[in-house]
Amino acid sequence: MKQRLERFIKMAKEFDEKYTPAEIEKKWQKIWEEQDVYKTERDDTKKKYYALEMFPYPSGKLHMGHVRNYSIGDVLARFKTMEGYNVLHPMGFDAFGMPAENAAIEHGIHPSKWTHENIANMTRQQKEMGLSYDWDRQAITCNEDYYRWTQWLFELFYKKGLAYKKAATVNWCDKCGTVLANEQVVDGKCWRCDSEVAKKDLAQWFFKITDYADRLLQDLALLKGWPERVKIMQENWIGKSEGLEFVLKAPELGEEIAVYTTRPDTAFGVTFMALAPEHPLVEKICAAASEEKAAEIKKFCEETRAKSDIERTSGDSEKEGVFTGFYCENPFNGKKAQIWVTNYVLAEYGTGAVMGVPTEDQRDWMFATKYNIPKILTIQPKDGELKLEEMTEAYVEKEGVLINSGKFDGMEMHEAMNKIMDEAENLGFGKRRANYRLRDWLISRQRYWGAPIPVIYCDKCGEVLVPEEDLPVKLPQDVKFESGAVSPLADSKEFVECACPKCGGAARRETDTMDTFICSSWYYLRYADPHNDKMPFDKKEVNYWAPVDQYIGGIEHAILHLLYSRFFTKVLKDEGLLDFDEPFTNLLTQGMVIKDGAKMSKSKGNVVSPEEIIGKYGADTARLFILFAAPVERDLEWSDQGVEGSYRFLARVWRILHHFADAIDKGADSYDLAALNADEKELRGALHRTIKKVTEDVGERFMFNTAVSSIMELVNALYAAQDKEINPSLLREIAKDLLLMLAPFAPHIAEELWSKFFAGSVHKQSWPKYDAAATVKTTAEIVVQINGKVRDKIIVEAGIDKKAQEEQALAAPKIKELLTGKNVVKVISVPGKLVNIVAK
RNA sequence: GCCGAAGUGGCGGAAUUGGCAGACGCAGCAGACUCAAAAUCUGCCGCCCUUAAAAGCGUGCCGGUUCGAGUCCGGCCUUCGGCACCA
């Protein structure tokens, strides 16, 4: 008794009526850090759960998109921990990249210093959000102990024949002063700085992602937990098509020209051959042609190549070409076809040469019409008859019967397609083949702030890998950063000049660094074993933690990072370094945070700073608002008043527990259910329905907004009961479960209030279980409709059968009155829901 | 052009399996408390007509299926995203 009284006095003193987030958040962040609450270790006896948010680029400050990303991840991580999983929830930085180097050029600050200062600041902000990261696992890609392994992995790819250097026409961003991969060119512009991308011929390093095109495509089927649209985007990006590659002889040139087609059924309609200006045969043709003709062709090629990529590849630009004067032979029917050099054939796709079938391809139709090239109709639709003279465009429907095709005449086109491919294979001039839109991944960057490519060039030994024990190839510290100049690495004698690892003679280092997307293609594996100095990661650790159970990030990486990471995982699996095919089992693509209908950006002046919001209302409010305001996948409209509302809700939680503090404190941990009165039963029902709803919304549906709203409803129910006499033990149960449910969303206030009534940390407790019996209401309000219109509502007991409910509905006075003079035709009765009376 | 997503009050959104459209929150209105204001607590809050009640209308548009449609089917419209001369 005395103890209780003392405790009551102590609490009354400590439990201030006012909610002060600034104080309690700082307090608990310190305690959590001191007690290492979020430390994670492998435990083979426990089921693991790997929750991961895409790590950020250290730009300097967190923005609202980060806050949203981390809030979602943190709710999941905390929820799964409470459900009993051994949860891995790490954070790091994608720390190489252009902005650091630009800062060096503009402000004379070394990229490393700039980056690490930004990391320190952003880490502080992340900590102020109260996120449950195991900070000990932080991976920073620009640190030597990380990029050493990035280089090691490059060497692995090299040894497997998946990294190679070749001269190629590549995408060049002048502003960034470097090349770009195909995936990094968006609408002909640089993905990072938005400036126009040009073409340049350079010798560059590539990763052979095309070797994995088929598996990357096929394994999309394994990704049941990915949004359909991301899978479709990847599928389109890989762009597999199946068809026939065959050769046409060009006797005058003594050459053969290979073409690829997905429409072998139209092969008898070939009247010309279209070459890309970059096609190797063009040079030979020029050599064989008259001086005049050669000059004409060369001029055309030069003019075409001078055009920008967007101009060249937009579908509606005029199709133009030059007739070479030479012919080739269609191997199917021996007919002659004119050889043209054209502006509409892509050098990089297929063979860079296309068979021209004007009647069944719209582009060929336009081209042939313009230059008066003959047309042969080879497909007739099933209904109706096409006449060449009456046609104004190509017949491109995928249905019809062959004509003018020798022995294939009369054959249905899909059958003919197969038969014609058989013929080409049997006669040995063609082969079935798949083609992909996907190109090899250009990984060289002519920049300083990236992982150096660990290759040395020796005049005697050629291209030599830096021996494993010499890794990492470190970035030299003492270099000059100048705008527009060559890469600082190429400029650094200290870096370039070295000894050949093979023969010891004088040699030069590769001065290109790796695309930062390589660094981010394996970081999720490093988290599993972040301090390993023998290997990038230990197989046992990686196989325990990975694959990532839930990955969370923006849709902007639908192709880029997500495709590259999948590629890496497959290569590492083939190498036996890990045992799974796909890195991310489930993917959640969060929507953007927008304000006034537009993405937050400096130029629009609609940026809301997380720092300011957290300073004013606390992290719990910021997190709660962002989770409550919209479903995670949809864009979220920022609302200052909405934030105010979330703050108000947390203050309401605080006050109602303060109001009931005495009762909660003296309540017991168990009580007699049978002794509860009607109000109490109702309140307990509300609690258990809330637990059920929140458990499903967070654990299965990722509907955090509705989870929060049902917690709000429970709090409203407590307010409705505040003047009633409620069993203290029931109040204790409600307070306990309410705080447990609130803990993943608003970890600080939950911990603070928990500490006032219960022992230990709220974040070390089990997720509450609901009592299914309590969630069932004893009575149900059902709707009575006449002809589908709601006419009355009646109360029936729960579990009522169809018939009884129907009788009660028909007996309701209001319904009886409305039915007088009418004939009841039919009655539909759904127990516990509604009765619909069809009457005439 | 092709592929995909979305369209619900003044606003953000809810309705999970075809069964009360608008939960929860914001804004607004009213009341209580206060000398007063703020804060807080309570109530009201789709449109239309109305003193009120009742009726009617209502989930982008047109049609269909069904006792019953925001939800299913067919045809459109608008917005956003991806791809786009890929043979």
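This structure is a prediction, so every number in the text was calculated from the model and none was measured. We name chains A, B, ... by the order of the sequence lines, and we start the count at 1 in each one.
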If you pin A/Tyr436 and A/Met233 to their nearest nucleotides in RNA chain B, which one's is more 5'?
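Between the two, 5'-proximity favours A/Met233.
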Toward the 5' end of RNA chain B, by each residue's nearest nucleotide, A/Val354 or A/Ala720:
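Result: A/Ala720.
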Distance criterion of 3.5 Å, no angle test: do you see the side chain of A/Asn236 paired donor-to-acceptor with the base of B/C83?
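Under the 3.5 Å cut-off, the side chain and the base do not form any donor-acceptor pair.
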Inter-nucleotide [atom1] distance ([N], [M]), Å rounded:
N	M	atom1	value
B/C45	B/G10	P	15 Å
B/C3	B/G56	C1'	43 Å
B/U71	B/U66	C1'	13 Å
B/C77	B/G60	C1'	7 Å
B/A15	B/G68	P	25 Å
B/G13	B/A84	C1'	35 Å
B/A27	B/A38	P	14 Å

Report all side-chain donor-acceptor pairs from residues 785-795 of chain A shorter than 3.5 Å, counting only partners two or more places apart or in another chain.
residue, atom, partner, partner atom, Å
A/Asn787, OD1, A/Ala839, N, 3.0
A/Asn787, ND2, A/Ala839, O, 3.1

State, yes or no, whether a side-chain contact exists between A/Met600 and A/Ile594 at a heavy-atom distance under 4.5 Å.
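No, too far: nothing below the 4.5 Å cut-off.
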Does A/Trp654 reach the side chain of A/Glu17, with side-chain heavy atoms less than 4.5 Å apart?
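When only atoms from C-beta onward are counted, A/Glu17 and A/Trp654 do not touch, as no gap falls below 4.5 Å.
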Candidate nucleotides B/A14, B/G56, B/A87, ranked by approach to the side chain of A/Lys789 - the nearest:
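Looking only at heavy atoms from C-beta outward on A/Lys789, the closest nucleotide is B/G56.
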From B/C83, B/G19, B/G56, nucleotide with atom closest to A/Arg437 side chain:
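Ranking B/C83, B/G19, B/G56 by closest atom to the A/Arg437 side chain puts B/C83 first.
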Identify the stems formed by RNA chain B, where each pair is Watson-Crick or G-U wobble with both distances under 3.5 angstrom and a stem is at least 3 consecutive pairs.
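Paired runs of 3+ in RNA chain B: B:1-7 with B:77-83, B:10-12 with B:24-26, B:28-32 with B:40-44, B:60-64 with B:72-76.
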What is the glycosidic conformation of B/G75: syn, defined as within 90° of 0, or anti?
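Nucleotide B/G75 adopts anti.
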Near-strand residues of residues 685-700 of chain A, defined as heavy-atom separation under 4.0 angstrom from RNA chain B:
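Heavy-atom contacts with RNA chain B come from A/Lys693.
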For A/Glu278, salt bridge (charged side-chain N to carboxylate O under 4.0 Å, His left out) partners two or more places apart:
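Only A/Arg305, A/Arg312 meet the salt bridge (charged side-chain N to carboxylate O under 4.0 Å, His left out) criterion with A/Glu278.
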Contact class for A/Arg791 vs. all strands (heavy atom < 4.0 Å): base, sugar-phosphate, or nothing?
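If one applies the 4.0 Å heavy-atom cut-off, A/Arg791 turns out to touch the sugar-phosphate alone, with no base involved.
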Got a list of protein N/O to nucleotides 4-10 of chain B N/O distances below 3.5 Å?
none

Contacts under 3.5 Å, N or O only, protein and nucleotides 20-29 of chain B:
residue, atom, partner, partner atom, Å
B/C20, O2, A/Lys793, NZ, 2.6
B/A23, O2', A/Glu713, OE2, 3.1
B/G25, OP1, A/Asn716, ND2, 3.2
B/C26, OP1, A/Arg648, NE, 3.2
B/C26, OP1, A/Arg648, NH2, 2.7
B/A27, OP2, A/Arg648, NH2, 3.2

Measure the distance from CG on A/Leu636 to P on B/C11 and round it to the nearest whole Å.
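About 17 Å, once rounded to whole Å.
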Determine the interplanar angle of the A/Phe15 and A/His658 rings, folded into 0 to 90°, and report it as parallel if under 30°, tilted if 30 to 60°, perpendicular if over 60°.
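Judged by the thresholds at 30° and 60°, the geometry between A/Phe15 and A/His658 is perpendicular.
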Among A/Trp365, A/Trp340, A/Phe272, which residue meets the ring pair (Phe, Tyr, Trp, His ring centres under 6.0 Å) test with A/Tyr371?
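When ring pair (Phe, Tyr, Trp, His ring centres under 6.0 Å) is applied between A/Tyr371 and each of A/Trp365, A/Trp340, A/Phe272, only A/Trp340 qualifies.
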Do NZ/NE/NH1/NH2 and the carboxylate oxygens of A/Glu696 and A/Arg701 come within less than 4.0 Å?
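Salt bridge flag = no for A/Arg701 with A/Glu696.
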